[in-house]
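To keep things clear, I will list the structure first and then write my remarks on it.
When a ligand or atom number is given, it counts from 1 through the structure's own listing order. If you're wondering where the values come from, they're calculated on a predicted model, not measured in any experiment.
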Amino acid sequence: MKQPSNNANLFCALRAAFPPDLDQTAVETTSPQGEPLLYTWRDLDHASARIANLLASLKLPAGSRVAVQVEKSVEAMLLYLATLRAGYVFLPLNTAYQSGEMEYFVGNAEPAVVVCTPGNFGWVSKIAFKAGTQHVFTLGDDRTGSLLDRAAHQADDHQPVDKAGDDLAAILYTSGTTGRSKGAMLTHGNLLSNAVTLKDYWGWTATGGPDGRGDVLIHELPIFHVHGLFVAIHAALLNGSKMIWLAKFDPKAVLAAMPRATVFMGVPTLYVRLLAEPGLNKDATKNMRLFIAGSAPLLIETFNAWRERTGHTILERYGMSETIMLTSNPYGADARYGGQSERRGGTVGFPLPGVGLRVVDDAGKALPVGEIGNIQVQGPSVFKGYWRMPEKTKEEFSADGWFKTGDVGKVDERGYVSIVGRSKDLIISGGYNVYPAEIESAINDMPDVAESAVVGVPHPDFGEVGVAVVIAKPGAKLDGETILAQLKSQLANFKIPKRCFVATELPRNTMGKVQKNLLREQHKGLFV
Ligand code: MCA
Ligand code: AMP
């Protein structure tokens, strides 16, 4: 493949990092039936070229969105790479989304192409065609489906479409505290700059490791969010590193992969579940170089227990869909911060090189070191805005151009950032974001419901889970279990509150606002 010198298409940078010997293994995985499967670097190149050629043959308008709701597979990753290569915009969707949620995303994004699982073709294609989508393909987790059937007839070389750094590469939907989800628009430049920074900051190496070829990543996260799709995949590809690819998180499979790997990235729930494995010890992790956590707060108990059991200190970092990664604890000595190299539990480390981070009060005035306030950021990975929502975009930036994260935190005298809360009403459950406003709205639409409140409470496995408190209309009778069952038919399963209480009233302050802090306090002991 010819490398155009000034093409800012992210795929060019990833492809340029493939090792010279394309016959080396790039991905090691198993089929759904458990048979071992190996993909070489050449396989990644050729298979993504075939899909890119298929997309190109459709003659889609520039900037077309390719919406994808499929189970995790290597081919799903290849579809992402092919979309970059073909110059279109990748739009990944959680497989847990139900038809009402999909209807919104597809209606809002108006994708030219939708790719779904063979089993969902019936209902997903109906939604897609209604929204004007011309092409609906299927992709199974076992290398089946019309996408690969059609791509098989295409050539296996493809020249990446010319892109500028500011061109859109992906849209990631992220819920809002009010109203519906917003599509965060990320550019080729956003994604590449962050990937390069993380590769350097986390010390990715192309030598050493279990087979002498450098780092090997255990990839066990879903690939429809920033963590699994961008942070993990980009770092590995940009380092020419092999991935041990698990279709789903399974603590035993992760432990079994550790002797052949060096890097693991996970949300805190995965660390909690790994700690429950008696086989997790210093010996099992002795070949590992780095454990990285993020997407939700890592409890200090988990941080300490991990160090005690394995001898490794988890490196916690912090980011958002709108910004990709913003801060990280140091991997080695950080010269910008006096050579400090300590990974401090309970903190998310330093702003990454190139990231500006400030803590301000509600009026937007910068606060002194150590004071708690709203976190605002700037930098090359900060997104381009919300898809077709210029007003919302404007609201989320300060007058002088800083993005308002909605997270509340502080910076200590040594420069470490801590997240102490959120100004946005958000529950992070097992690394997935759940917006109470969306759940409350679904509950309030039920005929016998007068009002409701959903709050997050501590949970030993998911960190935090939702609990609903519901008030019936006068004379109506409600039952918590029935409400939850009804919600299950409407919303992605991880959004369903783990408990639902029927009460006679919600606590309110003198302004009439529901006092969620009192509900949180009342229910905080439910699961711990
Ligand atoms: C599954 N369930 C959950 C969750 N996941 N409930 C609350 N929160 C969750 N996260 C429920 C299901 O509804 C189901 O309930 C039951 O648990 C079993 O479902 P199953 O799918 O079997 O669960 P699992 O396979 O054990 O999944 C748990 C998980 C998964 C592996 C922790 O949630 C996961 O992969 N989380 C990672 C999310 C992630 O990648 N986040 C990154 C976002 P029932 O039986 O009642 O139906 S990116 C991001 O946040 C930013 C940018 C960042 O900084 O990285
Ligand atoms: P999302 O928009 O789904 O990507 O979620 C981003 C949010 O996850 C951030 O705004 C934070 O609230 C939260 N988050 C990510 N990483 C961390 C972390 N290490 N500690 C605390 N919160 C985090």
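The protein residues lying under 4.0 angstrom from ligand 1, judged by non-hydrogen atoms, are Leu221, Pro222, His225, Val226, His227, Lys248, Val267, Thr269, Leu270, Arg273, Ser295, Arg317, Gly319, Met320, Ser321, Met325, Ser429, Gly430, Gly431, Tyr432, Phe462, Lys488, Asn493, Phe494, Lys498.
Contacts between Lys424 and ligand 2 below 4.0 angstrom, taking non-hydrogen atoms only, involve the side chain exclusively. Residue contacts with ligand 2, taken as heavy atom pairs separated by less than 4.0 Å, involve Ile428 solely via side-chain atoms from C-beta onward. The residue Ala293 has no part lying near ligand 2, judged by heavy-atom distances below 4.0 Å. Neither the backbone nor the side chain of His225 comes within contact range of ligand 2; no heavy atom lies under 4.0 Å. With a 4.0 Å heavy-atom cut-off, ligand 2 is reached by the backbone of Ser321 and by its side chain too.
A search for salt bridge (charged side-chain N to carboxylate O under 4.0 Å, His left out) contacts involving Glu396 returns nothing, not counting sequence neighbours. The salt bridge (charged side-chain N to carboxylate O under 4.0 Å, His left out) search around Glu464 returns Arg422, not counting sequence neighbours. Take Lys384 and apply the salt bridge (charged side-chain N to carboxylate O under 4.0 Å, His left out) test, not counting sequence neighbours, and it matches Asp166.
Side-chain atoms of Tyr173 and Asn94 include no donor-acceptor pair closer than 3.5 Å. At a cut-off of 3.5 Å, with distance as the only test, no side-chain donor of Asn329 or Tyr416 sits close to an acceptor on the other residue.
Two residues are said to be in side-chain contact when any heavy atoms from C-beta on lie closer than 4.5 Å; Trp202 and Val231 meet this criterion. Proximity of Glu316 to Arg343: side-chain heavy atoms (C-beta onward) are nowhere separated by under 4.5 Å.
If you check which protein heavy atom lies closest to atom 17 (C) of ligand 2, you get Ala296 N, 3.7 Å.
At least one heavy atom of Arg317 sits less than 4.0 Å from an atom of ligand 2. Within the structure, the closest approach of Gly406 to ligand 2 does not fall below 4.0 Å when heavy atoms are considered.
Heavy-atom proximity to atom 12 (O) of ligand 2, evaluated over Thr405, Thr174, Val267, Asp407, is greatest for Asp407.
At least one cation-pi condition fails for Lys392 and Tyr386: the charged atom is not both under 6.0 angstrom from the six-membered ring centre and inside a 45 degree cone around its axis.
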Report task. Given side chain to side chain donor-acceptor pair (under 3.5 Å), test Thr187 with Asn190 step by step and report yes or no. Result -> CA-CA 5 Å; Thr187 66; Asn190 290 150; 3.1 Å; yes

